Amino acid sequence: MYLASGGDDKLIMVWKRATYIGPSTVFGSSGKLANVEQWRCVSILRSHSGDVMDVAWSPHDAWLASCSVDNTVVIWNAVKFPEILATLRGHSGLVKGLTWDPVGKYIASQADDRSLKVWRTLDWQLETSITKPFDECGGTTHVLRLSWSPDGHYLVSAHAMNNSGPTAQIIEREGWKTNMDFVGHRKAVTVVKFNPKIFKKKQKNGSSAKPSCPYCCCAVGSKDRSLSVWLTCLKRPLVVIHELFDKSIMDISWTLNGLGILVCSMDGSVAFLDFSQDELGDPLSEEEKSRIHQSTYGKSLAIMTETQLSTAVIENPEMLKYQRRQQQQQLDQKGSAARETGSTTSVAGVVNGESLEDIRKNLLKKQVETRTADGRRRITPLCIAQLDTGDFSTAFFNSIPLSGSLAGTMLTSHSSPQLLPLDSNTPVPFGTSKPSTEPVAATSTRPAGDSVSKDSVNAASAPAAPSPSILTTPSKIEPMKAFDSRFTERSKATPGAPALAGLTPTAMERLKEQSLVKELRPRDVLESSSDSDEKVPVAKPSSLSKRKLELEVETVEKKKKGRPRKDSRLMPMSLSVQSPAALTAEKDAVCLSVPAAALKLPMPGPQRTFTLQVSSDPSMYIEVENEVTAVGGIKLSRLKCSREGKEWETVLTSRILTAAGSCDVVCVACEKRMLSVFSTCGRRLLPPILLPSPISTLHCTGSYVMALTATATLSVWDVHRQIVVVKEESLHSILAGSDMTVSQILLTQHGIPVMNLSDGKAYCFNPSLSAWNLVSDKQDSLAQCADFRSSLPPQDAMLCSGPLAIVQGRASTSSGRQAARLFSVPHMVQQETTLAYLESQVAAALTLRSSHEYRHWLLLYVRYLVNEGFEYRLREICKDLLGPVHSSTGSQWESTVVGLRKRDLLKELLPVIGQNLRFQRLFTECQEQLDILRDK
Amino acid sequence: MAKVSVLNVAVLENPSPFHSPFRFEISFECNEALADDLEWKIIYVGSAESEEFDQILDSVLVGPVPAGRHMFVFQADAPNPSLIPETDAVGVTVVLITCTYHGQEFIRVGYYVNNEYPNPELRENPPLKPDFSQLQRNILTSNPRVTRFHINWDNNTDRLEAIENHDPALGCGFPLSCTPIKGLGLPGCIPGLLPENSMDCI
């Protein structure tokens with residue numbers, strides 16, 4: 001919750017309610033009149049070169065507008081103060097009033113240049129300039145506060161003239177027509193203010209229940225010191241109050257319920273008027289009002305922003321469901337937060353381990369006093385608190401007594417650190433002053449400090465003498481009056497020597513001071529961060545990933561030549577690359593010039609016999625026996641395969657170097673660069689394939705066969721469809737330049753080969769792009785910094801397994817630990833790295849065609865986007881998943897992604913999107929379109 | 001909007017003998033770091049009749065002042081009795097604490113001070129020539145009178161903004177750089193701008 005004020009010091013100040021500080025008084029004011037609310041300045045906006053005349057928050061609270069005697073209107077980004085979104089130039093006179101269109105499409109300003117201008121918020125350009133009703137306007141008013149009706153239909157100006165009579169001009173939104181006005185005030189209209197509510201006729205018992213048109217209510221204040229209140233359904237004013245004040249009316253404000261009205265005047269008084277529902281009618285609820293807006297202007301205009309969300313209308317029952325659930329969670333969180341604050345307050349009142357009490361006792365001794373070059377005393381004040389706009393910390397330092405009277409009782413009043421709230425007086429420096437309550441008019445009282453008023457300085461008035469009874473010498477009352485001027489007037493003695501060079505603090509001192517100040521804070525941060533800095537046992541994730549490997553059925557087949565293996569546990573196999581050139585030549589040069597042939601991978605030597613277990617469930621073995629049968633001097637090799645007891649065997653003419661199998665195929669590589677492929681029943685599927693060079697490694701997954709040759713070329717075929725997936729692709733580009741080894745080879749179920757290298761990087765070959773893609777990098781700093789734990793669904797955090805997980809070899813939750821350590825990383829950077837990381841994970845899963853993991857990471861990514869409020873990316877995703885609703889032949893849209901139906905994915909994402917009310921439009925849009933598609 | 005606001009002034013060691021030093025513990029809050037020091041003064045009003053008898057007990061520079069809440073103790077010697085008119089020595093007078101920035105006074109905190117003989121005999125029959133060693137000073141701490149003045153906090157030599165009644169007709173015409181009245185902000189001219197003070201004590 002923010003409050004903006006504009007001053008004659010050219011500044012706009014934005015205030016925030018300090019909720020943890022109770023009522024307090026301003027120093028020097030009477031103790032009885034305490035400020036109930038505490039407000040603290042959070043931003044000072046500087047741009048205007050003259051007095052600020054009006055400020056206005058946009059209906060969605062995303063913008064703050066201010067206008068000034070410098071003839072401009074400035075639009076501030078309320079989400080990111082003090083950013084300026086636009087400066088509206090065009091007025092040639094002092095701009096004295098502002099009003100936003102209730103749906104946020106326009107902003108209107110009225111100026112002394114006899115014009116009212118309407119600006120578009122879309123491009124901040126002038127929509128129209130209305131001058132005719134103001135042509136006759138002579139003289140000036142202090143303010144020209146115009147107002148837009150809550151239904152958006154009418155804009156009502158301040159000071160306009162019609163037939164030389166002062167009016168408030170009604171401007172219709174449709175075509176900016178100026179046919180009507182409010183007439184009757186004898187002098188210029190200074191303020192117009194619509195009631196925020198829209199009303200409907202109060203239904204009386206017995207009367208016909210004819211539904212009446214909703215109407216608006218408008219208050220008009222004038223220089224003639226009177227106030228009129230109008231209903232748009234009546235031709236005459238509802239009420240006129242003459243001579244409410246001694247001077248011109250300066251501002252009007254309606255209470256939120258629309259039944260009260262506060263009016264302030266130049267004479268320094270404020271009036272409060274109270275209406276009953278009988279007089280004004282039944283106010284429409286915010287829902288009804290929003291419905292009127294929607295029916296008139298469409299949904300698109302009612303853009304949602306965070307601040308408005310609490311009052312946003314939930315338009316969809318599904319949405320409501322998600323919101324409810326979320327609220328419950330928030331409640332839980334609040335509960336724990338409350339417990340936390342409870343513990344923090346116990347250490348309140350302590351600065352650097354020293355209570356304020358102690359500080360005060362020793363202040364005189366401790367404070368640093370120096371002499372300036374010209375011999376003057378200079379005291380370095382002790383900083384007791386930073387200006388913290390956070391609501392918690394400020395409360396710690398408030399145990400200074402409120403007024404001087406407490407000095408005597410200081411010790412007792414401070415034995416309880418429960419903070420006499422003193423935060424007090426920055427917010428309202430002038431004003432909280434006079435407790436006198438002599439009535440001026442029936443409804444008005446003397447100002448009790450109108451902090452909203454733009455006039456920050458009240459005229460000095462003679463203060464009442466203090467009650468003499470306090471003093472022991474009643475005879476001296478007379479002289480005390482004589483002192484009055486001394487309290488209020490600047491004496492000759494005060495304007496002392498102007499600040500000289502000696503007064504300027506040296507940079508050193510300043511620095512010291514600042515560092516001292518800073519020390520107060522980060523201590524506990526450091527401590528907490530070291531707590532969270534758990535040391536993760538290295539063994540754990542690795543064993544975990546191994547278990548995952550087991551779960552992963554036939555993603556990887558492991559082949560170890562020679563010895564039969566009893567278990568199916570997959571051991572990474574190591575292939576070292578012997579690159580003779582690399583040893584001699586410069587590494588970089590190698591990268592560029594050494595031909596692929598220079599890479600040489602180890603080759604399996606011919607063995608007499610070997611056995612290979614393909615899988616344990618179903619149990620499947622391959623047995624190879626070389627040079628077994630001699631028929632007429634010809635040696636044959638026998639390949640035997642046993643699958644769940646069923647055996648088949650076949651013979652080949654040359655020696656078998658290596659074999660591999662999957663549930664679908666069995667393949668063997670023989671001497672003379674021959675590769676043969678058999679079906680699960682032992683039927684030869686293809687004539688032998690001639691490899692470009694001797695085999696190094698052979699792999700099967702499903703119907704895919706991958707062969708890595710000794711010259712580091714890679715081929716993958718789909719033997720069922722009899723097509724090539726990867727054709728003699730060189731590993732040169734990924735292995736070049738160093739003596740890296742391939743530590744692990746993987747062939748996914750979709751025939752995507754993945755090479756894990758010894759330097760921690762993993763590449764997969766993307767057949768459609770015909771390029772190597774980096775899918776994992778253990779040194780990836782993104783992964784280290786990304787922190788998306790908040791977006792992890794509690795249940796399946798650890799359960800995502802698949803080629804990507806195998807390749808990356810770590811549990812998905814292990815990332816982000818680094819992030820906790822790097823607590824100093826600004827949120828923005830953290831957000832960016834997390835986004836980048838999640839995106840690369842989604843992309844990697846997509847490239848690996850691992851649908852399960854793609855779904856997992858996409859969900860995570862979307863959840864993160866929703867949590868952090870990234871709308872554009874979210875929209876893009878939804879758009880792609882939804883595809884065209886109306887089928888067109890030219891559409892390039894694929895309805896599936898890695899075997900998942902996109903629209904099903906979208907359905908899955910919708911509940912996630914629904915968690916943030918900000919995206920309820922998106923949610924509704926997608927759901928509606930999905931419904932349309934389903935009905936088709 | 002004032003960059004510095006005084007949160008509290010605590011009067012220490014009160015009441016005390018006439019000759020003992022004044023001690024005020026001042027806490028103030030600063031919105032934005034100040035480029036220059038604040039100057040604080042304690043002024044003892046010798047006589048209600050005339051400013052002539054005002055004594056500046058001490059003036060002290062306070063800085064550097066970063067944004068935040070600060071406190072310090074301002075100690076100053078007791079007034080010189082020889083400068084106080086004999087008729088005003090006993091009874092009620094005023095002590096003022098003022099603060100200036102760039103030579104402009106922006107706050108004045110005033111306290112009533114009652115000087116009297118604690119000894120009942122002396123009170124009944126005060127000596128003709130006041131005996132300051134017997135006098136006790138009692139500052140009426142419960143009722144500080146605080147006056148705040150609008151000053152120019154920025155470094156430029158802008159004129160001090162005129163307060164309300166800014167006549168738009170005039171304002172229309174002249175350039176907003178405020179050069180015409182440049183120089184008014186200099187210290188010597190300040191007493192001439194009396195109307196812009198504001199009084200907000202009881």
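First the proteins, then the strands, lettered A, B, ... as listed; each starts at 1. Values reported hereafter were calculated over all heavy atoms of this structure, with side chains retained and with hydrogens, waters and symmetry mates removed. Small disclaimer: the values here were computed from a predicted structure and weren't measured.
Relative orientation of the B:Y44 and B:F22 rings is tilted, given thresholds of 30° and 60° on the angle between their planes.
Residue contact with chain A, scored on non-hydrogen atoms closer than 4.5 Å, is absent for B:F24. B:T93 touches chain A through backbone and side chain together, each having a heavy atom under 4.5 Å away. Neither the backbone nor the side chain of A:R371 comes within contact range of chain B; no heavy atom of the residue lies under 4.5 Å from a heavy atom of that chain. Of the atoms belonging to B:V109, it is side-chain heavy atoms, and not backbone ones, that fall under 4.5 Å from chain A.
Residues meeting the salt bridge (Lys or Arg N to Asp or Glu O under 4.0 Å) test with B:D58, sequence neighbours left out: A:R377. With sequence neighbours left out, the side chain to side chain donor-acceptor pair (under 3.5 Å) criterion links B:S59 to A:R376, B:E39.
Within residues 72-79 of chain B, the residues that have a heavy atom under 4.5 Å from a heavy atom of chain A are B:F72, B:V73, B:F74, B:Q75, listed by number.
You'll find the side chain of B:Y111 reaches within 4.5 Å of the side chain of B:V11, heavy atoms only.
Side-chain atoms of B:N138 do not come within 3.5 Å of backbone N or O of B:N114 as any donor-acceptor pair.
Two rings, from B:F106 and B:F149, have their centers 6.0 Å or more apart.
Under a 4.0 Å N-O distance rule, the pair B:D37/A:R378 qualifies as a salt bridge.
The salt bridge (Lys or Arg N to Asp or Glu O under 4.0 Å) contacts involving residues 6-24 of chain B comprise B:E13-B:R23, where partners must be two or more places apart or lie in separate chains.
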